[in-house]
Amino acid sequence: MFLDFKSEVESLLHSALEKCGFKVEVGVNSLSLESSPHSDLASSVGFRLAPVLRRSPALIAAEIHKSMAFSPGSASSVDRVELAGPYLNFFMNRDFLDSIVIQAQGTECWKGKMSQKVIVEHTSANPDGPLHVGHIRNSVIGDTLVRILRKAGCTVDAQYYVNDMGRQEAMVVWGCDHYKLDDSKADHAIAKVYIAANKAVTETPELKAEVDHIIQRYEAGDQEQEAKIKCAAKYAIMGIEQTLHRMNIRHDSYHWESTFVRNGDVDRVIQDLQKTGLAEMEDGALQLDLSAFGFEKKLVLRRADGTSLYTTRDLAYHRWKSTQAERMVDILGADHKLISSQLRTALRLMKIPEPEVVIFEFVSLPSGSMSTRRGKFISADELLDEVEKQAFEEVTARRPEESEELRRSIAADVAVGAVRYDVVKVSADKATMFDWKAALDFEKLSAPFIQYSHARACSILRKVGEIGQFDPGLLTGENEVAMIKKIAEFDQVIDRAGRELKPHQLTTYARELAESFNLFYRFSPVLDAPQELKASRLALVNASRNALRETLETLGIPALETM
RNA sequence: GGGCGCGUGGCCUAGUCAGGAUAAGGCGGCAGCCUCCUAAGCUGUAGAUCGGGGGUUCGAAUCCCCCCGCGCCCGCCA
């Protein structure tokens, strides 16, 4: 696919440069390759070389162009190279376009060549209540990255780190001791006692000691507290999992932070950090001085009462992770920026590989930021319910003759897609404001737009039996060629999103792919086309359907066959 | 106060990391397209000094500096 074309262009350029005796600096994109409206791939390397060679970029480009060891048929994917002033324009040849259509008939061509083992940790929400619309930004970004990396060829373990030793879980247990869990969904029931407990402790500060006592006994290995905390946390996670599953999100493994306290890993981390000479006792607590690395405040490794802290436990978790994978990816909210830099610095001090951290900015409500503790949030369940309700109305308006069962099922799939696409389409480093109107809009910049294109392709394919013999060379219309080229881009998009950990790039591609298909659909009749052309167009519909399906699946969005 | 991030038509965003050939979409506005494979679609049109100011460069939305605005953080919480 596109990456093959690109590497062929690269080697053509490299040998031409060598022939001319030109040297380019090594580095990313040293050949100055860029996508261009004027060609399939362009190089502005002439500009790069101009200051060194003291000649005009156009002259340099012309010289490179002249010594390009290129004749028709000498390359498997490049048709021609054109000189346009200082630019070199590369074009794909017909054989290459044909091979894209043929490859895309199958299932093999969509998988990338990466082969690393990767751990992606995402969601890891405290088991103190349901996921809200802020949490799901973490879950959706994380799960989409898991899918992208798998598509790129990696072996991925999606991990959920369970914070069972923190204050918030002790608060939940205190709440369960004093209030009754009602029969609402597990995570929602937990949230109610958690909110009540917070209220009680705020109003009666003396109760704080009781909560502290729970933490201390749990850390000391008290069986009763352990049973209570594990039970409460598991109950909350059960509810959280239901919500995640509803959004097509699954974790491969769960890791409890208490594990790393019990097995001694936390103590070992502390010992190793002491060996750096940067850790010292202050006010009874062990603190790490990271001022040499630009951190003002010291990082507390162990409380004066001897109990551990979140960061220290997280260090132990990361040390373990580093022995299990070649890449570690953490998805964290913007509130973790500082602590994750400190974590990485501490790991570096111990010569432990650092994770790649994907930070996403906050999702706020028009009324301000969300808070589980204060009960101020829109839950993911509520969001999904509302979107599903809206989707049901829309599908009913369009397909009133279909059974309610089918309409419900389509609405559920549309809702999952709409929510996931809406969340992941914005770059992670942009703070967003939750907007009901946008969440309930199923038009162009949304998952239903892409699902719809897929459904249209399926609809055409349903009307014919087999595709049979076809000649891809007949697909020469403007929209047909554009569609083939767009399909070809799939491997490059996956590769780049997987390396840069930018899942929103895939949503842009998905939109472009669907747009291309809709144009082809609009201007190239398939079923009414003359016999031979019909077969070729059917093959392109099939290729498009496969590309749309792969893209949707990688986004975790159901590829609906009818809607 | 310090650190990090963000600022692109009325609104939401892509493009910024790796500077290049006319700033790309959506929503909303206006004007059109269902005897035609699903109109959750398609076409046309109006609308942008890319927050402001300096600088680097043949060339800056993109890199550097300053300023302004917004967000997050600066706990022996997580």
Side-chain angles (χ1 to χ4, degrees), chain A residues 27-30 32-34 36-38 42 44 46-48 50-51 56-57 84-87 89 124 126 128 163 165-169 257 282-287 294-298 300-311 313-314 333-339 341 359 361-362 364 369 391 394-395 397-399 414 418 425-433 435 437-438 441-453 455-464 500 502 504-505 507-508 511-512 514-515 518-519 521-529 537 541 562-563:
Chain A
V28 196
N29 203 13
S30 56
S32 300
L33 291 174
E34 59 204 56
S36 158
H38 309 284
S44 57
F47 286 108
R48 282 288 89 66
S56 83
Y87 296 95
N89 282 323
S124 300
N126 291 332
D128 56 14
N163 299 127
M165 297 205 98
R167 170 161 297 278
Q168 84 297 124
E169 211 50 32
E257 59 175 350
E282 201 175 304
D283 302 326
L286 186 66
Q287 311 202 12
F295 298 100
E296 265 183 62
K297 298 273 171 75
K298 289 180 179 172
V300 177
L301 299 174
R302 192 161 50 206
R303 290 193 185 96
D305 69 4
T307 57
S308 63
L309 284 121
Y310 165 81
T311 320
R313 299 189 291 264
D314 209 19
D335 52 340
H336 282 67
K337 278 182 200 175
L338 176 63
I339 198 71
S341 322
I359 298 280
E361 293 290 331
F362 268 47
S364 56
S369 59
E394 302 218 13
V395 72
R398 290 174 173 86
R399 310 283 298 276
V414 165
K425 76 181 176 192
V426 180
S427 155
D429 40 37
K430 227 109 175 181
T432 61
M433 179 83 82
D435 178 359
K437 187 174 169 290
D441 178 9
F442 300 148
E443 285 182 24
K444 204 166 185 176
L445 204 61
S446 73
F449 173 79
I450 302 147
Q451 291 172 308
Y452 185 66
S453 303
R456 278 177 148 182
C458 291
S459 170
I460 293 175
L461 295 168
R462 255 198 313 275
K463 291 189 166 64
V464 293
E500 300 180 5
K502 300 257 169 84
H504 75 276
Q505 291 170 352
T507 63
T508 303
R511 195 207 77 229
E512 291 168 355
E515 222 161 39
N518 284 333
L519 284 176
Y521 180 93
R522 165 77 177 73
F523 294 106
S524 300
V526 178
L527 300 176
D528 291 337
R537 286 185 175 166
V541 172
T562 182
M563 62 189 281

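Across all strands shown, A:Val541 has no heavy atoms under 4.0 Å from either base or sugar-phosphate atoms. Within 4.0 Å of A:Ala42, counting heavy atoms only, lies at least one base atom of the nucleic acid. Within the nucleic acid shown, A:Ser56 has no heavy atom closer than 4.0 Å to any nucleic acid atom. Counting non-hydrogen atoms under 4.0 angstrom, A:Met433 reaches nothing in the nucleic acid. Using a 4.0 Å heavy-atom cutoff across all strands shown, A:Ala455 reaches at least one base atom of the nucleic acid. Among the protein residues, A:Leu286 comes within range of no part of the nucleic acid, since none of its heavy atoms lies under 4.0 Å from any strand. Within 4.0 Å of A:Ser524, counting heavy atoms only, lies at least one base atom of the nucleic acid. Nucleic acid contact for A:Asp128: none, since no nucleic acid atom lies under 4.0 Å from a heavy atom of the residue. As judged by a 4.0 angstrom heavy-atom cut-off over every strand, A:Ser32 is placed among residues making no nucleic acid contact. Within 4.0 Å (heavy atoms only), A:Pro57 reaches no atom of the nucleic acid at all.
The pairing partner recorded for B:A40 is none, the criterion being a Watson-Crick or G-U wobble arrangement whose two distances lie under 3.5 angstrom. Across all strands shown, B:G5 pairs with B:C70; the Watson-Crick or G-U wobble distances both stay below 3.5 Å. Nucleotide B:U45 is matched to B:G29 when pairs are restricted to Watson-Crick or G-U wobble geometry with both distances under 3.5 angstrom. Across all strands shown, nothing is found opposite B:A60 as a Watson-Crick or G-U wobble partner with both distances under 3.5 Å.
Going from atom NZ of A:Lys502 over to atom CG of A:Asp429 covers 6.5 Å, rounded to the nearest 0.5 Å. Rounded to the nearest 0.5 Å, atoms CD (A:Glu257) and OG (A:Ser124) are 10.0 Å apart.
Put simply, A:His504 has a side-chain N or O that comes within less than 4.0 Å of OP1 or OP2 on B:G15. Taking side-chain N and O atoms only, A:Arg456 has a distance below 4.0 Å to OP1 or OP2 of B:A39. Under 4.0 angstrom from either OP1 or OP2 of B:G7 there lies at least one side-chain N or O belonging to A:Lys430.
In textbook terms, a nucleotide whose glycosidic angle is within 90° of 0 is syn, and B:C34 is one such case.
No donor-acceptor contact under 3.5 Å links the side chain of A:Thr508 to the base of B:A14. Between the base of B:A18 and the side chain of A:Glu500 there is a donor-acceptor pair shorter than 3.5 Å. Applying the 3.5 Å distance criterion, the base of B:A40 shares no donor-acceptor pair with the side chain of A:Asp441.
With hydrogens and angles disregarded, no donor-acceptor distance shorter than 3.5 Å links the side chain of A:Arg398 to the backbone of A:Met563. Not one N or O on the side chain of A:Arg511 forms a donor-acceptor pair closer than 3.5 Å with the backbone of A:Lys444. Side-chain N or O atoms of A:Arg303 include one that pairs as donor or acceptor with a backbone N or O of A:Ser308 at under 3.5 Å. A:Asp441 places a side-chain N or O within donor-acceptor distance of the main-chain N or O of A:Glu443, the cut-off being under 3.5 Å. A donor-acceptor contact shorter than 3.5 Å is absent between the side chain of A:Lys463 and the backbone of A:Leu527.
Looking at every heavy atom in both residues, A:His504 comes nearest to A:Thr507 through O-OG1, 2.6 Å.
The same atom, C1', is picked in B:A21 and in B:C66; the two are 32 Å apart, to the nearest Å.
For A:Leu527, counting side-chain heavy atoms from C-beta on, the closest listed nucleotide (B:C58, B:C37, B:C42) is B:C37.
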Checklist entry - With the sugar-phosphate defined as primed atoms, P, OP1 and OP2, and the base as all remaining atoms, what B/S/- string results for nucleotides 71-78 of chain B, 5' to 3', for protein heavy atoms under 4.0 Å? => result BSSSSBSB
